[in-house]
Amino acid sequence: MAATADHSTTGANAPTYYVSTPIYYVNDRPHLGHAYTTVAGDVLTRWHRQRGEKVWYLTGTDEHGQKIMRTAEANGVSPQEWCDKLVEEAWKPLWQHLEIANDDFIRTTEDRHTARVQEFVQDLFDKGEIYKGGYSGPYCVGCEEFKLPSELLDGATEDEKLCAVHKRPVEWLEEENYFFRLSAYAEKLLEFYAANPDFIQPASARNEVLRFVEQDLKDLSISRSTFNWGVPLPWDEKHVLYVWVDALQNYITAAGYGSDPERFAELWPASVHLVGKDILRFHAVIWPAMLMAAGLPLPKRVVANGWLMVGGEKMSKSNLTGIAPTDLTSHFGVDAYRYYFLRAIPFGTDGSFSWEDFTARYTSELANDFGNLASRVAAMVGKYFGGKLPASVSAGDAEQAIADGLAKAVSIADVKIGEELDFAGGIAAIFDFVKQVNGYLTEQEPWKVAKDESPEGQARLATILYTAAEALRGTAVLLNPVMPSTAEKLWDSLGAAEGLGTLASQTVATTGDWGRLPAGATVTKGEILFPRLEEKPAA
Ligand code: MSP
(Lines give C-alpha, C1' and ligand atoms only; values in the text may rest on other atoms or scores of the structure.)
Protein backbone atom coordinates (compact mmCIF):
# COMPACT_ATOMS: atom_id res chain seq x y z
CA MET A 1 0.00 0.00 0.00
CA ALA A 2 1.39 3.41 -0.89
CA ALA A 3 1.52 6.10 1.74
CA THR A 4 -0.50 9.26 1.25
CA ALA A 5 2.16 11.83 0.70
CA ASP A 6 -0.05 14.86 0.34
CA HIS A 7 -2.68 15.06 3.00
CA SER A 8 -4.18 18.24 1.63
CA THR A 9 -5.53 16.82 -1.61
CA THR A 10 -9.06 16.21 -0.48
CA GLY A 11 -10.14 19.28 1.41
CA ALA A 12 -9.01 21.53 4.19
CA ASN A 13 -5.96 20.34 6.05
CA ALA A 14 -7.53 18.93 9.20
CA PRO A 15 -5.24 19.34 12.17
CA THR A 16 -6.51 16.18 13.84
CA TYR A 17 -5.70 12.65 12.77
CA TYR A 18 -9.20 11.21 12.66
CA VAL A 19 -9.67 7.47 12.21
CA SER A 20 -12.99 5.63 12.11
CA THR A 21 -14.04 2.00 12.21
CA PRO A 22 -17.24 0.79 10.57
CA ILE A 23 -20.12 1.02 13.00
CA TYR A 24 -21.15 -2.54 13.78
CA TYR A 25 -24.62 -4.04 13.50
CA VAL A 26 -25.85 -4.99 16.92
CA ASN A 27 -28.04 -7.87 15.79
CA ASP A 28 -25.43 -10.13 17.35
CA ARG A 29 -22.36 -10.21 19.53
CA PRO A 30 -18.91 -9.27 18.23
CA HIS A 31 -16.58 -11.89 16.77
CA LEU A 32 -12.92 -11.93 15.78
CA GLY A 33 -13.66 -10.30 12.40
CA HIS A 34 -15.16 -7.19 13.98
CA ALA A 35 -12.39 -6.94 16.53
CA TYR A 36 -9.75 -7.18 13.80
CA THR A 37 -10.54 -3.75 12.32
CA THR A 38 -11.09 -2.12 15.68
CA VAL A 39 -7.73 -3.31 17.02
CA ALA A 40 -6.01 -2.14 13.83
CA GLY A 41 -7.55 1.32 14.21
CA ASP A 42 -6.51 1.39 17.83
CA VAL A 43 -2.89 0.61 17.00
CA LEU A 44 -2.91 3.20 14.23
CA THR A 45 -4.31 5.94 16.46
CA ARG A 46 -2.06 5.07 19.38
CA TRP A 47 0.88 5.29 17.00
CA HIS A 48 -0.13 8.78 15.89
CA ARG A 49 -0.76 9.88 19.48
CA GLN A 50 2.76 8.73 20.26
CA ARG A 51 3.95 10.95 17.44
CA GLY A 52 2.50 13.84 19.42
CA GLU A 53 -0.36 14.43 16.97
CA LYS A 54 -3.89 15.30 17.93
CA VAL A 55 -5.90 12.17 17.32
CA TRP A 56 -9.55 11.24 17.29
CA TYR A 57 -10.64 7.61 17.13
CA LEU A 58 -14.29 6.87 16.51
CA THR A 59 -16.23 3.64 16.69
CA GLY A 60 -19.86 2.84 17.37
CA THR A 61 -22.92 0.81 16.48
CA ASP A 62 -25.37 0.68 13.60
CA GLU A 63 -28.79 0.11 15.13
CA HIS A 64 -31.49 0.66 12.53
CA GLY A 65 -32.85 -1.46 9.69
CA GLN A 66 -34.67 -4.70 9.14
CA LYS A 67 -31.95 -7.01 10.37
CA ILE A 68 -31.98 -5.49 13.86
CA MET A 69 -35.76 -5.17 13.88
CA ARG A 70 -36.26 -8.84 13.07
CA THR A 71 -33.71 -9.97 15.62
CA ALA A 72 -35.45 -7.93 18.33
CA GLU A 73 -38.83 -9.35 17.31
CA ALA A 74 -37.47 -12.89 17.42
CA ASN A 75 -36.25 -12.20 20.94
CA GLY A 76 -39.53 -10.66 22.06
CA VAL A 77 -38.18 -7.19 22.84
CA SER A 78 -38.36 -3.79 21.17
CA PRO A 79 -35.51 -2.91 18.79
CA GLN A 80 -34.35 -0.18 21.13
CA GLU A 81 -34.27 -2.55 24.09
CA TRP A 82 -32.35 -5.05 22.03
CA CYS A 83 -29.77 -2.47 20.94
CA ASP A 84 -29.33 -1.08 24.46
CA LYS A 85 -28.75 -4.55 25.81
CA LEU A 86 -26.25 -5.62 23.16
CA VAL A 87 -24.32 -2.35 23.23
CA GLU A 88 -23.97 -2.35 27.00
CA GLU A 89 -23.49 -6.09 27.51
CA ALA A 90 -21.45 -7.08 24.50
CA TRP A 91 -19.93 -4.32 22.39
CA LYS A 92 -18.72 -1.67 24.79
CA PRO A 93 -17.30 -4.20 27.29
CA LEU A 94 -15.38 -5.96 24.52
CA TRP A 95 -13.68 -2.77 23.39
CA GLN A 96 -12.76 -2.01 26.96
CA HIS A 97 -11.43 -5.52 27.44
CA LEU A 98 -9.28 -5.21 24.30
CA GLU A 99 -7.95 -1.86 25.54
CA ILE A 100 -9.41 0.09 22.66
CA ALA A 101 -8.78 3.78 23.35
CA ASN A 102 -11.61 5.24 21.26
CA ASP A 103 -12.43 8.89 21.84
CA ASP A 104 -16.12 8.54 21.11
CA PHE A 105 -18.70 5.83 20.62
CA ILE A 106 -21.61 6.76 18.40
CA ARG A 107 -24.92 4.93 18.36
CA THR A 108 -27.20 5.65 15.42
CA THR A 109 -30.27 5.73 17.68
CA GLU A 110 -28.90 8.70 19.62
CA ASP A 111 -30.58 12.08 19.10
CA ARG A 112 -27.23 13.70 18.34
CA HIS A 113 -27.13 11.45 15.30
CA THR A 114 -30.74 11.19 14.11
CA ALA A 115 -31.48 14.93 14.31
CA ARG A 116 -28.42 15.76 12.19
CA VAL A 117 -29.17 12.97 9.72
CA GLN A 118 -32.60 14.45 9.13
CA GLU A 119 -31.06 17.86 8.47
CA PHE A 120 -28.55 16.37 6.07
CA VAL A 121 -31.13 14.54 3.96
CA GLN A 122 -33.54 17.47 4.07
CA ASP A 123 -30.74 19.59 2.65
CA LEU A 124 -30.20 17.10 -0.20
CA PHE A 125 -33.95 16.96 -0.81
CA ASP A 126 -34.14 20.77 -0.94
CA LYS A 127 -31.26 20.81 -3.41
CA GLY A 128 -33.13 18.42 -5.72
CA GLU A 129 -30.68 15.57 -5.13
CA ILE A 130 -33.46 13.27 -3.92
CA TYR A 131 -36.61 12.35 -5.88
CA LYS A 132 -39.50 9.91 -5.54
CA GLY A 133 -39.63 6.75 -7.68
CA GLY A 134 -40.27 3.03 -7.62
CA TYR A 135 -37.95 0.09 -7.30
CA SER A 136 -38.13 -3.64 -7.32
CA GLY A 137 -35.27 -6.06 -6.97
CA PRO A 138 -33.60 -8.78 -4.94
CA TYR A 139 -32.64 -7.60 -1.45
CA CYS A 140 -30.33 -9.24 1.09
CA VAL A 141 -31.33 -8.41 4.66
CA GLY A 142 -27.98 -9.69 5.91
CA CYS A 143 -26.16 -7.08 3.81
CA GLU A 144 -29.07 -4.60 4.03
CA GLU A 145 -28.53 -4.08 0.30
CA PHE A 146 -30.26 -4.50 -3.07
CA LYS A 147 -28.28 -6.92 -5.17
CA LEU A 148 -27.34 -6.94 -8.85
CA PRO A 149 -28.02 -10.17 -10.79
CA SER A 150 -24.26 -10.72 -11.03
CA GLU A 151 -24.02 -10.77 -7.23
CA LEU A 152 -26.40 -13.72 -6.78
CA LEU A 153 -25.89 -17.47 -6.62
CA ASP A 154 -28.42 -20.13 -7.58
CA GLY A 155 -30.45 -21.52 -4.71
CA ALA A 156 -32.18 -24.84 -4.04
CA THR A 157 -35.05 -24.22 -6.46
CA GLU A 158 -35.22 -22.59 -9.86
CA ASP A 159 -36.61 -19.34 -8.42
CA GLU A 160 -34.43 -19.13 -5.39
CA LYS A 161 -31.38 -16.89 -5.50
CA LEU A 162 -28.79 -16.59 -2.79
CA CYS A 163 -26.71 -13.67 -1.62
CA ALA A 164 -23.09 -14.48 -2.49
CA VAL A 165 -21.86 -13.09 0.84
CA HIS A 166 -24.41 -14.67 3.20
CA LYS A 167 -25.34 -17.74 1.12
CA ARG A 168 -28.93 -17.11 2.18
CA PRO A 169 -32.00 -16.48 -0.02
CA VAL A 170 -32.55 -12.89 -1.07
CA GLU A 171 -36.06 -11.35 -0.85
CA TRP A 172 -37.88 -9.62 -3.65
CA LEU A 173 -38.67 -6.02 -2.64
CA GLU A 174 -41.05 -3.84 -4.56
CA GLU A 175 -41.59 -0.38 -3.18
CA GLU A 176 -42.16 3.26 -3.81
CA ASN A 177 -38.98 4.87 -2.55
CA TYR A 178 -37.05 8.06 -2.57
CA PHE A 179 -33.89 7.99 -4.63
CA PHE A 180 -30.58 9.78 -4.42
CA ARG A 181 -29.18 10.86 -7.80
CA LEU A 182 -26.08 8.75 -7.47
CA SER A 183 -25.80 8.26 -11.25
CA ALA A 184 -25.18 11.99 -11.66
CA TYR A 185 -21.92 11.63 -9.70
CA ALA A 186 -20.18 8.97 -11.79
CA GLU A 187 -18.01 11.42 -13.71
CA LYS A 188 -17.17 13.50 -10.64
CA LEU A 189 -16.24 10.41 -8.69
CA LEU A 190 -13.97 9.16 -11.45
CA GLU A 191 -12.29 12.56 -11.64
CA PHE A 192 -11.85 12.52 -7.89
CA TYR A 193 -10.27 9.03 -7.88
CA ALA A 194 -7.94 10.09 -10.68
CA ALA A 195 -6.86 13.23 -8.82
CA ASN A 196 -6.45 11.32 -5.54
CA PRO A 197 -4.82 8.01 -6.40
CA ASP A 198 -4.37 7.10 -2.73
CA PHE A 199 -7.98 7.68 -1.78
CA ILE A 200 -8.87 3.98 -1.92
CA GLN A 201 -6.40 1.38 -0.68
CA PRO A 202 -5.16 -1.22 -1.31
CA ALA A 203 -4.81 -1.10 -5.10
CA SER A 204 -7.07 -4.13 -5.56
CA ALA A 205 -9.86 -2.28 -3.73
CA ARG A 206 -9.30 0.82 -5.81
CA ASN A 207 -9.52 -1.17 -9.03
CA GLU A 208 -12.73 -2.83 -7.92
CA VAL A 209 -14.32 0.55 -7.22
CA LEU A 210 -13.13 2.03 -10.51
CA ARG A 211 -14.62 -0.89 -12.44
CA PHE A 212 -17.90 -0.50 -10.58
CA VAL A 213 -18.23 3.24 -11.17
CA GLU A 214 -17.13 2.98 -14.80
CA GLN A 215 -20.07 0.67 -15.40
CA ASP A 216 -23.58 2.01 -15.34
CA LEU A 217 -23.98 3.65 -11.90
CA LYS A 218 -27.64 3.57 -10.84
CA ASP A 219 -29.51 5.96 -8.59
CA LEU A 220 -29.76 4.76 -5.01
CA SER A 221 -32.99 3.91 -3.24
CA ILE A 222 -32.65 5.67 0.11
CA SER A 223 -35.97 5.07 1.87
CA ARG A 224 -38.21 2.23 3.02
CA SER A 225 -41.90 2.36 3.80
CA THR A 226 -42.66 -1.26 4.72
CA PHE A 227 -41.22 -1.03 8.24
CA ASN A 228 -40.51 1.81 10.61
CA TRP A 229 -37.28 1.03 12.50
CA GLY A 230 -35.20 3.88 11.13
CA VAL A 231 -34.83 7.63 10.89
CA PRO A 232 -38.07 9.13 9.50
CA LEU A 233 -37.68 11.29 6.40
CA PRO A 234 -38.50 14.78 7.65
CA TRP A 235 -40.62 15.64 4.59
CA ASP A 236 -42.48 12.30 4.40
CA GLU A 237 -42.73 10.48 7.70
CA LYS A 238 -44.26 7.38 6.11
CA HIS A 239 -40.72 6.56 5.02
CA VAL A 240 -37.66 5.76 7.06
CA LEU A 241 -34.19 6.35 5.72
CA TYR A 242 -32.32 3.38 4.25
CA VAL A 243 -30.09 2.12 7.04
CA TRP A 244 -26.85 2.60 5.10
CA VAL A 245 -27.52 6.26 4.32
CA ASP A 246 -28.27 6.82 7.99
CA ALA A 247 -25.21 4.82 9.13
CA LEU A 248 -22.61 6.47 6.90
CA GLN A 249 -23.40 9.82 8.41
CA ASN A 250 -22.11 8.71 11.82
CA TYR A 251 -18.70 9.86 10.65
CA ILE A 252 -19.86 13.46 10.53
CA THR A 253 -22.60 13.56 13.18
CA ALA A 254 -20.17 12.29 15.83
CA ALA A 255 -17.63 14.87 14.68
CA GLY A 256 -19.96 17.80 15.33
CA TYR A 257 -21.62 18.28 11.94
CA GLY A 258 -24.55 20.64 12.40
CA SER A 259 -24.02 20.88 16.15
CA ASP A 260 -20.49 22.11 16.81
CA PRO A 261 -19.01 23.85 13.75
CA GLU A 262 -15.67 24.52 15.41
CA ARG A 263 -15.12 20.90 16.35
CA PHE A 264 -16.32 19.77 12.94
CA ALA A 265 -13.84 22.06 11.20
CA GLU A 266 -11.07 20.61 13.31
CA LEU A 267 -12.02 16.96 12.76
CA TRP A 268 -13.47 16.73 9.28
CA PRO A 269 -12.46 15.40 6.79
CA ALA A 270 -11.50 12.11 8.39
CA SER A 271 -7.94 10.97 7.79
CA VAL A 272 -8.79 7.27 7.40
CA HIS A 273 -12.01 5.31 7.19
CA LEU A 274 -11.16 1.70 7.98
CA VAL A 275 -13.63 -0.67 6.35
CA GLY A 276 -14.00 -4.35 5.53
CA LYS A 277 -13.76 -5.13 1.83
CA ASP A 278 -17.47 -6.05 1.73
CA ILE A 279 -18.52 -2.51 2.57
CA LEU A 280 -16.10 -0.73 0.31
CA ARG A 281 -18.64 0.57 -2.23
CA PHE A 282 -20.67 2.25 0.44
CA HIS A 283 -17.62 4.11 1.65
CA ALA A 284 -15.82 4.76 -1.62
CA VAL A 285 -18.79 5.46 -3.91
CA ILE A 286 -22.03 6.28 -2.10
CA TRP A 287 -20.56 8.20 0.82
CA PRO A 288 -18.30 10.44 -1.31
CA ALA A 289 -21.20 11.15 -3.70
CA MET A 290 -23.45 12.13 -0.81
CA LEU A 291 -20.77 14.40 0.60
CA MET A 292 -20.27 15.98 -2.83
CA ALA A 293 -24.01 16.59 -3.03
CA ALA A 294 -23.95 18.23 0.38
CA GLY A 295 -20.89 20.33 -0.50
CA LEU A 296 -18.71 18.80 2.20
CA PRO A 297 -15.07 17.71 1.87
CA LEU A 298 -14.40 14.02 1.29
CA PRO A 299 -12.46 11.76 3.65
CA LYS A 300 -8.77 11.49 2.81
CA ARG A 301 -8.46 7.73 2.64
CA VAL A 302 -10.66 4.67 2.65
CA VAL A 303 -8.63 1.59 3.54
CA ALA A 304 -10.19 -1.84 3.08
CA ASN A 305 -9.10 -4.83 5.09
CA GLY A 306 -9.65 -8.45 4.16
CA TRP A 307 -11.71 -11.03 6.01
CA LEU A 308 -10.90 -13.50 8.69
CA MET A 309 -11.88 -16.79 7.14
CA VAL A 310 -13.08 -20.09 8.55
CA GLY A 311 -13.06 -23.10 6.27
CA GLY A 312 -12.67 -20.87 3.22
CA GLU A 313 -15.65 -18.65 4.14
CA LYS A 314 -15.89 -15.27 5.86
CA MET A 315 -16.17 -15.80 9.60
CA SER A 316 -19.64 -14.81 10.71
CA LYS A 317 -22.14 -15.36 13.48
CA SER A 318 -24.87 -16.17 11.00
CA ASN A 319 -22.77 -19.06 9.63
CA LEU A 320 -22.07 -20.10 13.21
CA THR A 321 -18.36 -19.61 12.63
CA GLY A 322 -18.01 -16.45 14.68
CA ILE A 323 -15.49 -16.95 17.48
CA ALA A 324 -15.73 -14.58 20.44
CA PRO A 325 -12.48 -12.67 21.06
CA THR A 326 -12.68 -13.55 24.77
CA ASP A 327 -12.32 -17.25 23.87
CA LEU A 328 -8.82 -16.38 22.76
CA THR A 329 -7.88 -13.64 25.22
CA SER A 330 -8.70 -15.92 28.16
CA HIS A 331 -6.03 -18.27 26.85
CA PHE A 332 -3.40 -16.00 25.27
CA GLY A 333 -4.06 -12.67 27.01
CA VAL A 334 -5.20 -9.39 25.48
CA ASP A 335 -1.83 -8.10 24.32
CA ALA A 336 -0.88 -11.31 22.57
CA TYR A 337 -4.28 -11.20 20.86
CA ARG A 338 -3.73 -7.65 19.62
CA TYR A 339 -0.28 -8.65 18.41
CA TYR A 340 -1.21 -11.90 16.74
CA PHE A 341 -3.87 -10.78 14.29
CA LEU A 342 -1.93 -7.75 13.08
CA ARG A 343 1.32 -9.65 12.81
CA ALA A 344 -0.02 -12.82 11.23
CA ILE A 345 -2.40 -11.40 8.60
CA PRO A 346 -1.14 -8.74 6.19
CA PHE A 347 -3.67 -5.91 6.34
CA GLY A 348 -5.77 -5.87 3.20
CA THR A 349 -5.65 -9.63 2.54
CA ASP A 350 -7.87 -12.43 3.80
CA GLY A 351 -6.41 -14.62 6.47
CA SER A 352 -7.31 -17.38 8.82
CA PHE A 353 -6.65 -18.03 12.43
CA SER A 354 -5.59 -21.30 13.98
CA TRP A 355 -4.78 -22.26 17.56
CA GLU A 356 -1.63 -23.93 16.31
CA ASP A 357 -0.35 -20.85 14.52
CA PHE A 358 -1.25 -18.54 17.41
CA THR A 359 0.40 -20.91 19.90
CA ALA A 360 3.54 -21.17 17.78
CA ARG A 361 3.89 -17.40 17.43
CA TYR A 362 3.13 -16.82 21.08
CA THR A 363 5.80 -19.24 22.15
CA SER A 364 8.56 -18.35 19.72
CA GLU A 365 8.08 -14.62 19.14
CA LEU A 366 6.47 -13.33 22.32
CA ALA A 367 7.60 -15.67 25.10
CA ASN A 368 11.02 -16.79 23.80
CA ASP A 369 12.36 -13.92 21.69
CA PHE A 370 10.85 -10.96 23.51
CA GLY A 371 9.69 -12.00 27.01
CA ASN A 372 12.85 -14.00 27.77
CA LEU A 373 15.07 -11.18 26.59
CA ALA A 374 13.37 -8.77 28.98
CA SER A 375 13.58 -11.12 31.94
CA ARG A 376 17.19 -12.17 31.27
CA VAL A 377 18.39 -8.59 31.10
CA ALA A 378 16.53 -7.59 34.27
CA ALA A 379 17.84 -10.69 36.07
CA MET A 380 21.46 -9.94 35.10
CA VAL A 381 21.26 -6.29 36.14
CA GLY A 382 19.85 -7.57 39.44
CA LYS A 383 22.50 -10.22 39.90
CA TYR A 384 25.60 -8.31 38.82
CA PHE A 385 24.72 -4.71 39.67
CA GLY A 386 22.21 -4.99 42.51
CA GLY A 387 19.38 -3.78 40.25
CA LYS A 388 20.99 -0.42 39.41
CA LEU A 389 21.48 0.04 35.69
CA PRO A 390 25.23 0.48 35.06
CA ALA A 391 26.60 3.09 32.65
CA SER A 392 27.91 2.16 29.23
CA VAL A 393 31.63 2.85 29.43
CA SER A 394 33.27 0.82 26.69
CA ALA A 395 30.87 0.95 23.76
CA GLY A 396 32.34 -0.19 20.47
CA ASP A 397 31.15 -1.40 17.08
CA ALA A 398 28.87 -4.08 18.47
CA GLU A 399 27.03 -1.50 20.56
CA GLN A 400 26.88 0.93 17.65
CA ALA A 401 25.23 -1.79 15.58
CA ILE A 402 22.49 -2.12 18.20
CA ALA A 403 22.00 1.66 18.33
CA ASP A 404 21.73 1.69 14.54
CA GLY A 405 19.33 -1.24 14.68
CA LEU A 406 16.98 0.66 16.95
CA ALA A 407 17.06 3.76 14.75
CA LYS A 408 16.30 1.58 11.75
CA ALA A 409 13.40 -0.18 13.49
CA VAL A 410 11.93 3.19 14.47
CA SER A 411 12.06 4.60 10.97
CA ILE A 412 10.71 1.48 9.28
CA ALA A 413 7.90 0.97 11.80
CA ASP A 414 6.94 4.63 11.65
CA VAL A 415 6.36 4.50 7.91
CA LYS A 416 4.82 1.04 7.84
CA ILE A 417 2.47 1.39 10.80
CA GLY A 418 1.90 5.13 10.85
CA GLU A 419 1.53 5.77 7.10
CA GLU A 420 1.08 2.59 5.12
CA LEU A 421 -1.06 0.68 7.62
CA ASP A 422 1.24 -2.26 7.02
CA PHE A 423 1.00 -3.45 10.60
CA ALA A 424 2.57 -6.83 9.89
CA GLY A 425 5.59 -5.18 8.24
CA GLY A 426 6.00 -2.62 11.04
CA ILE A 427 5.78 -5.20 13.80
CA ALA A 428 8.18 -7.47 11.92
CA ALA A 429 10.74 -4.63 11.84
CA ILE A 430 10.45 -4.22 15.62
CA PHE A 431 10.85 -7.95 16.14
CA ASP A 432 13.84 -8.08 13.80
CA PHE A 433 15.42 -5.65 16.20
CA VAL A 434 14.51 -7.88 19.18
CA LYS A 435 16.22 -10.76 17.35
CA GLN A 436 19.27 -8.59 16.76
CA VAL A 437 19.51 -7.84 20.49
CA ASN A 438 19.22 -11.53 21.32
CA GLY A 439 22.03 -12.23 18.86
CA TYR A 440 24.14 -9.52 20.49
CA LEU A 441 23.76 -11.14 23.92
CA THR A 442 24.56 -14.57 22.52
CA GLU A 443 27.75 -13.17 21.01
CA GLN A 444 28.80 -11.05 23.95
CA GLU A 445 28.04 -13.71 26.56
CA PRO A 446 27.68 -11.37 29.55
CA TRP A 447 27.35 -14.38 31.89
CA LYS A 448 30.92 -15.31 30.96
CA VAL A 449 32.21 -11.73 31.04
CA ALA A 450 30.80 -11.48 34.58
CA LYS A 451 33.42 -13.97 35.74
CA ASP A 452 36.19 -11.57 34.76
CA GLU A 453 36.56 -9.41 37.84
CA SER A 454 39.12 -7.03 36.32
CA PRO A 455 38.03 -3.39 35.82
CA GLU A 456 38.00 -4.01 32.05
CA GLY A 457 35.80 -7.06 32.46
CA GLN A 458 33.35 -5.18 34.67
CA ALA A 459 33.31 -2.26 32.24
CA ARG A 460 32.43 -4.68 29.42
CA LEU A 461 29.70 -6.27 31.48
CA ALA A 462 28.24 -2.86 32.35
CA THR A 463 28.30 -1.82 28.71
CA ILE A 464 26.62 -4.98 27.48
CA LEU A 465 23.83 -4.79 30.03
CA TYR A 466 23.30 -1.09 29.49
CA THR A 467 23.05 -1.70 25.76
CA ALA A 468 20.51 -4.46 26.17
CA ALA A 469 18.41 -2.43 28.61
CA GLU A 470 18.49 0.63 26.39
CA ALA A 471 17.43 -1.53 23.46
CA LEU A 472 14.50 -2.72 25.55
CA ARG A 473 13.63 0.89 26.36
CA GLY A 474 13.22 1.57 22.65
CA THR A 475 11.31 -1.68 22.14
CA ALA A 476 8.84 -0.76 24.91
CA VAL A 477 8.04 2.52 23.17
CA LEU A 478 7.68 0.91 19.76
CA LEU A 479 5.42 -1.83 21.05
CA ASN A 480 3.32 0.45 23.23
CA PRO A 481 0.62 1.01 20.56
CA VAL A 482 0.42 -2.71 19.84
CA MET A 483 0.69 -4.17 23.35
CA PRO A 484 0.04 -1.36 25.83
CA SER A 485 -0.02 -3.41 29.05
CA THR A 486 3.10 -5.38 28.21
CA ALA A 487 4.98 -2.22 27.20
CA GLU A 488 3.94 -0.63 30.49
CA LYS A 489 5.23 -3.62 32.47
CA LEU A 490 8.54 -3.45 30.63
CA TRP A 491 8.78 0.29 31.24
CA ASP A 492 8.28 -0.33 34.96
CA SER A 493 10.78 -3.15 35.03
CA LEU A 494 13.43 -0.91 33.41
CA GLY A 495 12.80 1.83 35.96
CA ALA A 496 12.48 4.11 32.96
CA ALA A 497 9.86 6.43 34.42
CA GLU A 498 12.35 7.85 36.97
CA GLY A 499 14.45 9.56 34.33
CA LEU A 500 12.19 9.69 31.30
CA GLY A 501 8.65 10.15 32.57
CA THR A 502 5.66 8.06 31.61
CA LEU A 503 5.61 5.69 28.69
CA ALA A 504 2.68 7.66 27.27
CA SER A 505 4.88 10.77 27.09
CA GLN A 506 7.53 9.14 24.86
CA THR A 507 7.56 10.15 21.22
CA VAL A 508 8.35 8.16 18.12
CA ALA A 509 10.72 10.93 17.00
CA THR A 510 13.09 10.55 19.95
CA THR A 511 12.81 6.80 20.43
CA GLY A 512 15.68 6.10 18.05
CA ASP A 513 18.00 8.49 19.94
CA TRP A 514 20.46 6.20 21.62
CA GLY A 515 21.33 6.50 25.30
CA ARG A 516 18.15 7.96 26.69
CA LEU A 517 17.72 5.53 29.56
CA PRO A 518 19.78 7.06 32.39
CA ALA A 519 22.36 4.93 34.19
CA GLY A 520 21.30 4.34 37.78
CA ALA A 521 17.72 3.44 36.85
CA THR A 522 16.21 0.87 39.20
CA VAL A 523 15.74 -2.31 37.20
CA THR A 524 13.46 -4.93 38.69
CA LYS A 525 12.47 -8.36 37.45
CA GLY A 526 8.75 -7.64 37.36
CA GLU A 527 6.25 -10.23 36.25
CA ILE A 528 6.87 -12.56 33.34
CA LEU A 529 5.59 -10.80 30.22
CA PHE A 530 4.37 -13.91 28.40
CA PRO A 531 3.89 -16.86 30.75
CA ARG A 532 3.92 -20.42 29.48
CA LEU A 533 0.54 -21.31 27.97
CA GLU A 534 -1.83 -23.63 29.78
CA GLU A 535 -3.23 -26.60 27.85
CA LYS A 536 -5.56 -25.55 25.04
CA PRO A 537 -9.12 -25.53 26.41
CA ALA A 538 -11.40 -28.24 25.01
CA ALA A 539 -13.45 -26.97 22.05
N1 MSP B 1 -23.20 -1.69 9.89
C2 MSP B 1 -22.41 -1.91 8.73
C3 MSP B 1 -21.28 -0.89 8.64
C4 MSP B 1 -21.75 0.52 8.62
S5 MSP B 1 -20.42 1.64 8.53
C6 MSP B 1 -21.12 3.09 8.22
C7 MSP B 1 -21.83 -3.32 8.76
N8 MSP B 1 -21.76 -3.89 9.95
S9 MSP B 1 -21.20 -5.36 10.24
O10 MSP B 1 -21.27 -5.52 11.66
O11 MSP B 1 -21.88 -6.32 9.43
O12 MSP B 1 -19.74 -5.38 9.74
C13 MSP B 1 -18.85 -4.42 10.22
C14 MSP B 1 -17.45 -4.68 9.75
O15 MSP B 1 -17.01 -5.94 10.22
C16 MSP B 1 -17.31 -4.70 8.24
O17 MSP B 1 -16.19 -3.90 7.90
C18 MSP B 1 -17.02 -6.14 7.93
O19 MSP B 1 -16.13 -6.29 6.85
C20 MSP B 1 -16.32 -6.56 9.21
N21 MSP B 1 -16.33 -8.00 9.33
C22 MSP B 1 -17.38 -8.82 9.59
N23 MSP B 1 -16.95 -10.10 9.49
C24 MSP B 1 -15.63 -10.11 9.16
C25 MSP B 1 -14.67 -11.09 9.06
N26 MSP B 1 -14.94 -12.37 9.16
N27 MSP B 1 -13.38 -10.68 8.89
C28 MSP B 1 -13.01 -9.35 8.90
N29 MSP B 1 -13.91 -8.41 8.98
C30 MSP B 1 -15.24 -8.77 8.87
O31 MSP B 1 -21.44 -3.82 7.73
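Read the numbers this way: they start at 1 and go in the same order the structure lists the ligands and their atoms. From a predicted model like this one, the values you see are computed outputs, not experimental measurements.
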Could you tell me if any non-hydrogen atom of [X] lies under 4.0 Å from any atom of ligand 1?
X	value
M309	no
E144	no
W287	no

- Distance to 0.1 Å, residue and atom name: give those for the protein heavy atom nearest to atom 13 (C) of ligand 1. Y24 CD2, 3.4 Å

Return a yes/no value for [X]: is any of its N or O atoms, backbone included, closer than 3.5 angstrom to an N or O of ligand 1?
X	result
D278	yes
Y25	yes
P22	no
V275	no
A247	no

- Task: Please confirm whether R343 makes a cation-pi placement over F423, using NZ or CZ under 6.0 Å from the six-membered ring centre and within 45° of the ring normal.
- Result: no

- Does R281 make a cation-pi contact with F212 (under 6.0 Å, within 45 degrees of the axis)? yes

Which segment of [X] sits under 4.0 Å of ligand 1 when only heavy atoms are counted:
X	value
Y36	neither
D62	side chain
F282	neither

- Which of the ligand 1 atoms, numbered from 1, are nearer than 4.0 Å to a heavy atom of G276: 17 (O), 19 (O)

- Which of the atoms of ligand 1 are close to G306, meaning less than 4.0 Å from one of its heavy atoms? 28 (C)

- Distance-only donor-acceptor check, side chains Y57 and D104, under 3.5 Å: no

- Query: To which of I279, L248, I345 does the heavy atom nearest atom 16 (C) of ligand 1 belong?
  - Reply: I279

